[in-house]
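Data block below; observations after.
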Amino acid sequence: MSEQVRVRFAPSPTGHLHIGGARTALFNYLYARRQAGVLVLRLEDTDAERSTEDSVRMILDDMKWLGLDWDEGPEVGGPYAPYRQSERLDFYRSQQEQLLETGHAYYCFCSPELLETKRKQAQERGDAQPKYDGTCRNIPLAEARARAADGEPHTLRLKITESGSTVIHDRIRGTVVFENKIMDDFILVRTNGLPTYNFAAVADDAAMKITHIIRGDDHLSNTPRQVCLYQALGKPLPVFAHIPMIMGPDRSRLSKRHGATSVNAYAGEGYLPEAMINYLALLGWAFDDKTTLFTRQSLIDKFSLKKVSKNAAIFDPAKLLWMNGVYIRDLCPEEYVKRALPELIKAGLLPEPLDEATWAWAEKAVLSVKDKIKRLAELPQNMAFYFGEEIELDEAARAKLEQAKEYPELFKTLHDKMAVLKSFSTQELEALMKDLITEADIKFGVLVHPLRAAITGRASSPGIFEVLELLGQERTIKRLAAGLKSVGIEV
Ligand code: GLU
């Protein structure tokens, strides 16, 4: 039986989950689910200055919002707990001891100032990428320990074999060869006693028995160092799979310049998690050259590393917006209403809690614009005409209303008849207007366009009868009278 797949998502909690992180988390999640494996969530929070408790909360919440549930990690525990690096410092100490004892690591007493001076000197000599010169490499361990015990500031470095090359068989990038001579004895433990990213990540990946490392290809350059570290620790290598970078539409690295980059911002703008998942999956992966819409389950069924591209992915906000609209239209009415009403409450258009009658009204109102919006956050603006008494007309609406001037009598009659209508229902309103246009022998639009403009302030709206019924007789009559008056038709 082959070994169980174990993957991990290892964010540094320094803010909300961003698009790139979410895509990495998703690929790990899909791979784990596809392979009936385990997804580990590990927080790389040893940088005390940048990692905050708030960020931890945000990342966990963002993961939950996306529905990316992890099998081991914060809140759920697991056999390799703890899953926060800041709680694993004793473990890193035991690992560094092992590396020192086996001669793979050594104490370095070179001060930052000294290193800087040497670096500058090497550059002056024409060395474009100066490396650590190995000054402390051969200090006997006992002597180094004594100096350290005396309080001399130090770091720990990994002893890298200088000759030969390190070959990585990356599942996505193929075979990548790094010459060892360009690597230097990199730092494992800083002067403050805390492990560096490369050290803590490898120690944990090995201890947590991670079989596949799926992460952004900005980490490809760290991989040869990490491979050396696996070897030094005597641990088997995982499979590496470096997924392509994400760029903005202008093909520069995705950043705030391109608009919102945090998942949370998209949640706030009314994107649905299922649309985000679908869209993120397409950032570097494709099933074929035509399918764009995938449910979560179909992504799990179809995802494979083989179909992940080497080439950078382009984040296209317009496509995400389009996709979100598709997902909104696809929601069943109950689910849509459940997600839509909070937007109106948030905007102060509906009270909380909602009484039964308001709920019933609001349900119909939000449903009337379901196929008109692409983001839930568009609702308050899109439905503004359902609220308040008076309405302001936009330019297009004003032009439509002007057309009423050609049929002043017709609009007066419409107003008067609507004012006395017994039941202000879709059916009654429709019957009334049909009678009017038949009698006047005009097209439906002649009556409806100015009416819609006066009532909604816009040139387009959901079905007019539905809008009128939801708006009610009083407000309809008031707005129609005001609108007609503004074009010189007194009622
Ligand atoms: N904490 C690292 C990051 O957020 C993890 C990189 C890795 O997956 O090894 O970039």
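Remember, it's 1-based here, ligands and their atoms both numbered in the order they're listed. Since this is a predicted model, take the numbers as computed values, not measurements.
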Among all protein heavy atoms, pick out the one at the shortest distance from atom 1 (N) of ligand 1; state its residue, atom name and that distance to 0.1 Å. Glu44 OE1, 2.6 Å

Residue pair Tyr80 / Tyr83: nearest heavy atoms and the distance that separates them: N-OH, 2.9 Å

Numbering as shown, the atoms of ligand 1 that approach Arg215 to under 4.0 Å (heavy-atom distance): 7 (C), 8 (O), 9 (O)

Which label fits Tyr266 and Phe315: parallel for a plane angle under 30°, tilted from 30 to 60°, or perpendicular past 60°? perpendicular

Any N or O of Ser12 that comes nearer than 3.5 Å to an N or O of ligand 1? yes

Mark yes or no: Lys307 above the aromatic ring of Phe287, with NZ or CZ under 6.0 Å from the six-membered ring centre and no more than 45 degrees from the axis. yes

When only distance counts, is Ala10 in polar contact with ligand 1, meaning an N/O pair under 3.5 Å? yes

Would Arg8 count as a contact residue for ligand 1, given that I'm defining contact as a non-hydrogen atom of the residue lying under 4.0 Å from a ligand atom? yes

For a side chain to side chain donor-acceptor pair (under 3.5 Å) check, start with the C-alpha distance between Ser86 and Asp45, then their side-chain angles and the critical distance, and finish with the verdict. CA-CA 6 Å; Ser86 58; Asp45 62 344; 2.7 Å; yes

Taking atom 10 (O) of ligand 1 as the reference point, the nearest protein heavy atom with its distance: His219 NE2, 2.8 Å

In this structure, does ligand 1 have an atom that sits under 4.0 Å from one of the heavy atoms of Tyr197? yes

So, taking the atom named CZ in Phe91 and the one named CD in Glu87, what distance separates them when rounded to the nearest 0.5 Å? 14.5 Å

